[in-house]
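Okay, so here's the structure we're looking at.
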Amino acid sequence: MIIRTSPENPRESIMAKFIFKLQSVLNLRKQKEDSIKNELAVAIRKLEAERRKLFELENTLEDSVREFNEKAKKTTVHELIEFNEYLSLLNSRIKSQKENVNNAAKYVDKVREELVKAMKDRKILEKLKDRQYEEFLLERKRLEQKTNDEIVSFNYNDSNTGD
């Protein structure tokens with residue numbers, strides 16, 4: 001906390017400005033928090049995209065199985081082998097996509113934890129700033145009261161000596 005005074009203007013010394021010494025650090029922490037929020041939004045969008053891909057693959061698998069079952073009686077051995085290979089390919093894609101979803105979810109959790117930490121760091125500094133501002137106001141009030149007391153005392157002494 002800094003109380004700036006102006007020697008040219010004594011009135012301005014009473015109306016000092018509050019300056020938080022760590023304001024630049026607080027600003028950096030706010031920027032970091034905003035950056036992590038943006039990163040989290042991107043990570044969540046990626047997770048949702050990966051989930052949609054998985055959903056589409058699972059629907060494709062279900063539709064293929066249903067379609068094959070409808071014409072299973074008219075199927076040749078060669079078509080059965082091709083369909084089995086296709087199902088195997090779909091299942092491996094689904095497995096791979098589930099891994100992608102899990103990795104994206106883990107990343108979202110990691111970024112979320114970083115955001116919580118960044119928010120805590122920012123809030124600590126904001127609380128410190130608030131506390132220092134309250135102290136500043138109390139000190140300013142004390143100085144104003146002292147100045148008022150001096151003026152009253154001066155006026156009282158001036159009126160007593162003027163008799």
Side-chain angles (χ1 to χ4, degrees), residues 1-65 89-163:
M1 162 180 53
I2 296 176
I3 299 176
R4 288 199 175 158
T5 60
S6 171
E8 301 86 36
N9 187 351
R11 201 165 205 357
E12 195 174 300
S13 66
I14 294 172
M15 302 306 285
K17 290 185 179 181
F18 172 73
I19 298 174
F20 183 55
K21 289 180 181 179
L22 298 174
Q23 186 63 46
S24 59
V25 176
L26 178 58
N27 292 344
L28 285 173
R29 288 191 180 174
K30 286 179 181 177
Q31 288 175 350
K32 181 180 179 183
E33 182 181 337
D34 290 342
S35 173
I36 294 173
K37 282 179 183 177
N38 291 335
E39 185 179 351
L40 179 60
V42 169
I44 289 172
R45 282 195 297 273
K46 180 166 176 36
L47 174 59
E48 291 306 314
E50 295 294 345
R51 285 180 175 162
R52 278 192 302 275
K53 286 180 189 176
L54 177 60
F55 181 74
E56 290 170 5
L57 283 171
E58 289 173 339
N59 281 342
T60 300
L61 177 65
E62 288 176 17
D63 293 344
S64 297
V65 168
L89 175 67
L90 271 179
N91 281 323
S92 75
R93 283 186 181 170
I94 288 172
K95 182 181 177 183
S96 174
Q97 191 58 36
K98 284 181 179 179
E99 288 177 24
N100 291 345
V101 168
N102 287 337
N103 291 337
K106 286 177 186 175
Y107 184 69
V108 165
D109 291 341
K110 177 183 166 237
V111 174
R112 212 174 251 136
E113 287 174 12
E114 288 177 24
L115 179 59
V116 167
K117 183 184 181 311
M119 289 173 72
K120 283 180 183 176
D121 291 345
R122 175 191 48 84
K123 286 179 181 179
I124 287 169
L125 271 184
E126 283 180 345
K127 285 180 183 177
L128 177 62
K129 181 180 179 179
D130 291 344
R131 211 173 307 124
Q132 286 184 3
Y133 183 67
E134 291 298 320
E135 290 172 9
F136 166 79
L137 291 177
L138 288 171
E139 179 67 16
R140 190 166 100 177
K141 187 175 181 179
R142 189 187 64 75
L143 288 173
E144 287 175 6
Q145 185 63 44
K146 181 180 176 186
T147 303
N148 290 339
D149 289 348
E150 288 174 0
I151 291 170
V152 167
S153 175
F154 177 75
N155 288 341
Y156 177 77
N157 287 337
D158 196 33
S159 67
N160 282 342
T161 57
D163 286 337

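Side-chain atoms are counted along with the backbone in the values below, which use heavy atoms only and exclude waters and symmetry mates. The first residue of the sequence shown is numbered 1, and numbering continues consecutively from there.
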Inset, instruction - Rounded to the nearest 0.5 Å, what's the gap from CG on Asn59 to CG on Leu54? Could you check? - result: 9.5 Å
Inset, instruction - Indicate whether any N or O donor in one side chain lies under 3.5 Å from an N or O acceptor in the other, for Gln31 and Asn27. - result: no
Inset, instruction - Return the minimal non-hydrogen interatomic distance between Val111 and Glu39, and the atom names on each side. - result: CG2-OE2, 3.8 Å
Inset, instruction - Write down the atom of Leu90, the atom of Leu61, and the distance for their closest heavy-atom approach. - result: CD1-CA, 3.7 Å
Legend entry - Residues Glu135, Arg131: salt bridge by 4.0 Å N-O rule: no
Inset, instruction - Look up atom CG in Leu128 and atom NZ in Lys21, then write down how far apart they are to the nearest 0.5 Å. - result: 11.0 Å
Legend entry - Candidate pair Leu26 and Glu126, rule side-chain contact (heavy atoms from CB on, under 4.5 Å), full reasoning: CA-CA 7 Å; Leu26 178 58; Glu126 283 180 345; 3.7 Å; yes
Legend entry - Spatial distance of atom CG (Leu57) from atom NZ (Lys95) [nearest 0.5 Å]: 15.0 Å
Inset, instruction - Check whether any side-chain heavy atom of Ile94 lies under 4.5 Å from a side-chain heavy atom of Glu58, and answer yes or no. - result: yes
Legend entry - Considering all heavy atoms, the nearest Gln132-Phe20 contact: OE1-CD1, 3.2 Å
Inset, instruction - Go through the structure and list residues passing side-chain contact (heavy atoms from CB on, under 4.5 Å) with Arg112, not counting sequence neighbours. - result: Leu40, Ile44, Val108, Asp109
Legend entry - Student check: side-chain heavy atoms of Arg29 and Val25 closer than 4.5 Å: yes
Legend entry - Glu48/Arg52 salt bridge by N-O under 4.0 Å criterion: no
Inset, instruction - Identify the residue among Glu134, Arg140, Glu139 that makes a side chain to side chain contact (heavy atoms under 4.5 Å, CB included) with Phe136. - result: Arg140
Legend entry - Flag if over 12 foreign heavy atoms under 6.0 Å of NZ, Lys37: yes
Inset, instruction - Could you give me the CA-CA distance, side-chain angles and deciding distance for Lys110 and Glu114, then say whether salt bridge (charged side-chain N to carboxylate O under 4.0 Å, His left out) is met? - result: CA-CA 6 Å; Lys110 177 183 166 237; Glu114 288 177 24; 3.6 Å; yes
Inset, instruction - Could you pull out all residues at least two apart from Leu89 that satisfy side-chain contact (heavy atoms from CB on, under 4.5 Å)? - result: Ser92, Arg93
Inset, instruction - Evaluate the side-chain proximity of Asp149 to Gln145: yes if any heavy-atom separation is below 4.5 Å, no if none is. - result: yes
Legend entry - N-O pairing of Glu113 and Lys117 below 4.0 Å: no
Only pairs under 3.5 Å count here: list side-chain donor-acceptor contacts from residues 98-105, not counting sequence neighbours, and write none if there are none.
from   : atom 1 : to    : atom 2 : distance (Å)
Asn100 : ND2    : Gln97 : OE1    : 3.4
Asn102 : ND2    : Lys98 : O      : 3.4
Asn103 : ND2    : Glu99 : O      : 3.3

